[in-house]
Protein chains: 2
Amino acid sequence: MDNFLKTVGSINDETRLRILRFINENGEVCVCDIESSFDMIQSRISRHLKILKDGGFLRVDRRGVWAYYSIRFPLDAFRQSILKEISFLDVDIPTLKKGCSKGCSI
Amino acid sequence: MDNFLKTVGSINDETRLRILRFINENGEVCVCDIESSFDMIQSRISRHLKILKDGGFLRVDRRGVWAYYSIRFPLDAFRQSILKEISFLDVDIPTLKKGCSKGCSI
DNA sequence: TAAATATATCAATATATCTTGATGTATTAT
DNA sequence: ATAATACATCAAGATATATTGATATATTTA
């Protein structure tokens, strides 16, 4: 029950839906790229990423200073159906913009 | 997007999850029966039923003084998958208790 | 070692949601 | 008509969640 509510709660926010879809569409991305793509302050992005991770949708991979977020794999059928539903939403998703001064994707 | 958030928001509450599953397990029930089965005040039940209805999970049928709530049919695949997931949750669902003075189920 | 960068977390405030008790509206019974 | 019942809605307070700015931690660069 608590786990279910955590999952549902994690997608009950427009900002998180957009971030989740952004990652689903772009694959693995680092926090600074999300930050500059969405033009939101870092603490806000970081907090939402944590909630999506705790909701079971994302995984993190730290490499050096950078944290790379991607869709967790394997993803159970329920979360897959949610992700699919989100992919249909009519909502503005920014294009990926590189944000780190020393390229995190080099 | 707004519609999706309304759907997700409607199941982002323990009380509503329990009510939704109660109706899913018992079929068509009237408000007074939910009220006495859950031992919650009427305004609280009424509010949650409205949210679940607006979330697309329930339908209402008014007959006389009574309002009978049941799972909306047909239910799209996404809401069906949610309902299925809810049916697996480890949570206490009360047994149906008749609540109306003049039986609503006669 | 010191400075800069990337990320996480905390504390304060703002905003949204839930619960309760009171009130409103229909419908039925007397 | 009046009273009682079932349900919906509103207003106030309580609780939860989101946003911001500040601070903390870790890694890399100079």
Side-chain angles (χ1 to χ4, degrees), chain A residues 1-2 5-20 23 28-55 58-70 97-106, chain B residues 1-2 5-20 23 28-55 58-70 97-106:
Chain A
M1 160 67 94
D2 291 350
L5 281 173
K6 193 182 274 188
T7 300
V8 167
S10 74
I11 52 165
N12 189 31
D13 179 274
E14 175 165 352
T15 301
R16 284 195 292 274
L17 288 178
R18 295 175 66 222
I19 292 175
L20 186 52
I23 295 174
E28 190 178 60
V29 287
C30 80
V31 179
C32 56
D33 286 348
I34 303 177
E35 190 186 336
S36 58
S37 298
F38 281 83
D39 194 27
M40 289 179 185
I41 63 176
Q42 182 265 325
S43 67
R44 185 177 171 188
I45 297 291
S46 186
R47 180 179 195 272
H48 286 307
L49 287 170
K50 179 177 168 39
I51 292 172
L52 284 168
K53 181 166 73 71
D54 292 347
L58 298 181
R59 69 180 227 100
V60 209
D61 188 21
R62 302 193 131 278
R63 283 179 241 143
V65 249
W66 297 293
Y68 296 87
Y69 282 83
S70 55
K97 210 181 293 179
K98 295 275 109 197
C100 307
S101 57
K102 307 281 173 54
C104 59
S105 51
I106 296 177
Chain B
M1 159 67 94
D2 291 350
L5 281 172
K6 194 183 273 186
T7 300
V8 166
S10 74
I11 52 166
N12 189 30
D13 179 275
E14 175 165 351
T15 301
R16 285 197 290 274
L17 289 179
R18 295 174 66 223
I19 291 175
L20 186 52
I23 295 175
E28 190 178 59
V29 287
C30 80
V31 178
C32 57
D33 286 347
I34 303 177
E35 191 187 335
S36 59
S37 297
F38 280 84
D39 194 28
M40 290 178 183
I41 64 176
Q42 182 266 324
S43 66
R44 184 176 172 189
I45 297 290
S46 186
R47 179 179 196 274
H48 286 306
L49 287 171
K50 179 177 169 39
I51 293 171
L52 285 167
K53 181 166 74 70
D54 292 347
L58 298 182
R59 71 179 225 100
V60 210
D61 188 20
R62 302 193 129 280
R63 283 178 242 144
V65 251
W66 297 294
Y68 295 86
Y69 282 83
S70 54
K97 211 180 292 179
K98 295 274 109 196
C100 307
S101 57
K102 305 286 172 53
C104 60
S105 52
I106 295 178

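Naming: A, B, ... by sequence-line order, numbering from 1 per chain.
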Rounded distance in Å - [atom1] ([X]) to [atom2] ([N]):
X     : N      : atom1 : atom2 : value
A:E35 : C:dT7  : CD    : C1'   : 9 Å
B:I19 : C:dC18 : CD1   : C1'   : 12 Å
A:D54 : D:dT17 : CG    : P     : 13 Å
B:I51 : C:dT19 : CD1   : P     : 9 Å
B:L49 : D:dA6  : CG    : P     : 16 Å
A:D61 : C:dT7  : CG    : P     : 12 Å
A:I45 : D:dG21 : CD1   : P     : 14 Å
A:W66 : C:dA6  : CH2   : C1'   : 8 Å

(request) For DNA chain C, find the residues of residues 7-16 of chain B with a heavy-atom distance under 4.0 Å and give them by number; none if there aren't any. (result)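 Within residues 7-16 of chain B, the residues near DNA chain C are B:D13, B:T15, B:R16.
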
So which nucleotide from [options] ends up closest to the side chain of [X]?
X     : options              : value
A:C32 : C:dT17, D:dA8, C:dT7 : C:dT7
B:S43 : D:dA8, C:dT20, C:dA8 : C:dT20
B:V65 : C:dA8, D:dA8, D:dA6  : D:dA6

(request) Determine yes or no for a side-chain-to-main-chain donor-acceptor pair under 3.5 angstrom, with A:S37 supplying the side chain and A:D33 the backbone. (result)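 Here the side-chain-to-backbone pair exists.
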
(message) So B:R62, base contact, sugar-phosphate only, or nothing? Heavy-atom distance under 4.0 Å.
(response)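 Here B:R62 touches the backbone only, sparing every base.
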
Looking at [atom1] of [X] and [atom2] of [Y], how far apart are the two atoms once the value is rounded to the nearest 0.5 Å?
X     : Y     : atom1 : atom2 : answer
A:I19 : A:I11 : CD1   : CD1   : 14.0 Å
B:I45 : B:D39 : CD1   : CG    : 9.5 Å
A:Q42 : A:S36 : CD    : OG    : 12.0 Å

(request) Give the intermediate values and the outcome of salt bridge (Lys or Arg N to Asp or Glu O under 4.0 Å) for residues A:D54 and A:K50. (result) CA-CA 6 Å; A:D54 292 347; A:K50 179 177 168 39; 3.2 Å; yes

(message) Judged by each residue's nearest nucleotide on DNA chain D, which is more toward the 5′ side, A:M40 or B:C100?
(response)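 This one resolves to B:C100.
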
Examine [N]: is either OP1 or OP2 under 4.0 Å from a nitrogen or oxygen in the side chain of [X]? Give yes or no.
X     : N      : value
A:H48 : D:dT19 : yes
B:Y69 : D:dA8  : yes
A:R47 : D:dA18 : yes

(request) Report yes if some heavy atom in the side chain of B:I23 is under 4.5 Å from a heavy atom in the side chain of B:I34; otherwise report no. (result)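 In contact.
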
(request) Return each pair, listed once, that meets side-chain hydrogen bond (donor to acceptor under 3.5 Å, both in side chains) where at least one residue sits in residues 11-20 of chain A; pairs must be two or more places apart or across chains. (result)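 Output for this query lists A:T15-A:R44, A:R16-A:H48.
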
(request) Report yes or no: is there a donor-acceptor pair, N or O only, under 3.5 Å between the side chain of B:Q42 and the base of D:dA8? (result)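 Yes.
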
(request) Return the 5'-most residue of the pair B:I41, A:V31 with respect to DNA chain C, ranking by each residue's nearest nucleotide. (result)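 It is A:V31, whose closest nucleotide lies nearer the 5' terminus.
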
(request) Over all heavy atoms of both residues, which pair between B:R62 and B:V65 is shortest? Give the atoms and the distance, please. (result)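 Here B:R62 and B:V65 meet closest at NH1-O, 4.1 Å.
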
